[in-house]
Amino acid sequence: MGGEHGGGGGLIMKSRKNSTIDIINILKYFLVLVLAAYVILLIFSEGGTDTPIKTVNKNILSVMGTDGMKKGTTQDLKKYYGLNADDYKSVTLYIPDDVMGVNELLIVRLADASQAESVEKAAQARLDTQKESFEGYGAAQTKLIRSAVLESRGDYVLLAVTKKADAVQAAYRKSL
């Protein structure tokens, strides 16, 4: 009698184990699907944005201001960055208004996501040139250059050299 109950109990235990394993497997597949959906969402949210450059400019300039800067031209863009404005949807450039100034703002709305890397390299090269120019005698300028914001997000690239770099970066991210 004891053997019969013991044997039957084993079958019940096995079926409970199998159902537990089935539930765990279902949960694994569900979690993989949720993770895949999350990754896809991240990929697509990092893509282009429909925020107009006028809005991005307004939000950033309201924080940064234009003190110590003047509006740059397409020639300035070519001279300082080696970039051609016609290659992009739009470009905003403010450059220092005197030789000792380093405050600068570059906002590029890319025509294609593949342009991001070349714009970032051009902006980094500009920072490196400025750093080299002021290193050794322009301590305040060097500090601003070192704390500059260079960020690519969606179809925008931002370079901001200002003492308000953190606030500019926050305004930029909020705009997009």
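Note: hydrogens, waters and symmetry copies are ignored here, and every other heavy atom, side chains too, is used. Here the structure is a predicted model, which is why all the values come from computation and not from measurement. Residue numbers run from 1 in the order of the sequence given.
No donor-acceptor distance shorter than 3.5 angstrom exists from the side chain of T66 to the backbone of M69, with no hydrogens or angles considered. Of the possible polar contacts, none joining the N84 side chain to the D87 backbone as a donor-acceptor pair under 3.5 Å is found. One N or O on the side chain of R109 and one on the backbone of T51 form a donor-acceptor pair closer than 3.5 Å. Checking side-chain atoms of Y88 against main-chain N and O of L83 turns up no donor-acceptor pair under 3.5 Å. For the pair Q141 (side chain) and M100 (backbone), a donor-acceptor distance under 3.5 Å is present. Distance alone, capped at 3.5 Å, is enough to place a donor-acceptor pair between the Y156 side chain and the I53 backbone. Judged purely by atom type and a 3.5 angstrom limit, Q130 has no side-chain atom pairing as donor or acceptor with the backbone of V161.
The CD atom of E104 sits 4.0 Å away from atom CZ of R126, with the distance rounded to the nearest 0.5 Å. Between the CG atom in D112 and the NZ atom in K89 there is a gap of 9.5 Å [rounded to 0.5 Å]. Distance check, rounded to the nearest 0.5 Å: CD1 of I60 to CD of Q169 gives 10.0 Å. Rounding to the nearest 0.5 angstrom, the gap separating the OH atom in Y80 from the CD1 atom in I95 is 4.5 Å. With rounding to the nearest 0.5 angstrom, the OG1 atom of T74 is 13.0 Å from the NZ atom of K79. With values rounded to the nearest 0.5 angstrom, I26 atom CD1 is found 12.0 Å from L31 atom CG.
Of the residues V108, L93, L106, the one that meets the side-chain contact (heavy atoms from CB on, under 4.5 Å) test with L159 is L106. The residue from V168, L105, I107 that alone fulfils the side-chain contact (heavy atoms from CB on, under 4.5 Å) condition with L61 is L105.
Contact between V99 and F134 at its shortest, heavy atoms only, is O-CZ, 3.6 Å.
L158 and V91 fall into different hydrophobic clusters, where Ile, Leu, Val, Met, Phe, Trp and Tyr are joined by side-chain heavy atoms under 4.5 Å apart, directly or via other members. Under a hydrophobic clustering in which Ile, Leu, Val, Met, Phe, Trp and Tyr are joined whenever their side-chain heavy atoms come within less than 4.5 Å, directly or via other members, Y137 and I145 fall into the same cluster. Under a hydrophobic clustering in which Ile, Leu, Val, Met, Phe, Trp and Tyr are joined whenever their side-chain heavy atoms come within less than 4.5 Å, directly or via other members, V119 and V56 fall into different clusters. Under the 4.5 Å side-chain heavy-atom criterion for grouping Ile, Leu, Val, Met, Phe, Trp and Tyr, Y81 is connected to V102 within one hydrophobic cluster. V149 and M64 fall within a single hydrophobic cluster, where Ile, Leu, Val, Met, Phe, Trp and Tyr are joined by side-chain heavy atoms under 4.5 Å apart, directly or via other members.
Side-chain atoms of L150 and Q124, non-hydrogen and from C-beta on, do get closer than 4.5 Å to each other. Side-chain atoms of L144 and T162, non-hydrogen and from C-beta on, never get closer than 4.5 Å to each other. Between D67 and N103, every side-chain heavy-atom pair lies at or beyond the 4.5 Å cut-off.
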Check against side chain to side chain contact (heavy atoms under 4.5 Å, CB included), K163 and K143: CA-CA 9 Å; K163 59 186 164 191; K143 183 179 177 187; over 6 Å; no
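Side-chain polar atoms of D76 and T73 form a donor-acceptor pair below 3.5 angstrom. In the model, N57 has a side-chain atom that pairs as donor or acceptor with a side-chain atom of T92 under 3.5 Å. Using modelled atom types, one finds a donor on one side chain and an acceptor on the other under 3.5 Å when comparing E120 with S152.
In this structure, Y29 places its OH atom where only 12 or fewer heavy-atom neighbours from other residues, nucleotides or ligands lie under 6.0 Å away. Within a 6.0 Å sphere centred on CD of E117, heavy atoms belonging to other residues, nucleotides or ligands number 12 at most. For CD of E135, the number of neighbouring non-hydrogen atoms (other residues, nucleotides, ligands) closer than 6.0 Å is greater than 12.
Remark: K71 is positioned above the aromatic ring of Y94, its terminal NZ or CZ atom under 6.0 angstrom from the ring centre and at most 45 degrees off the axis.
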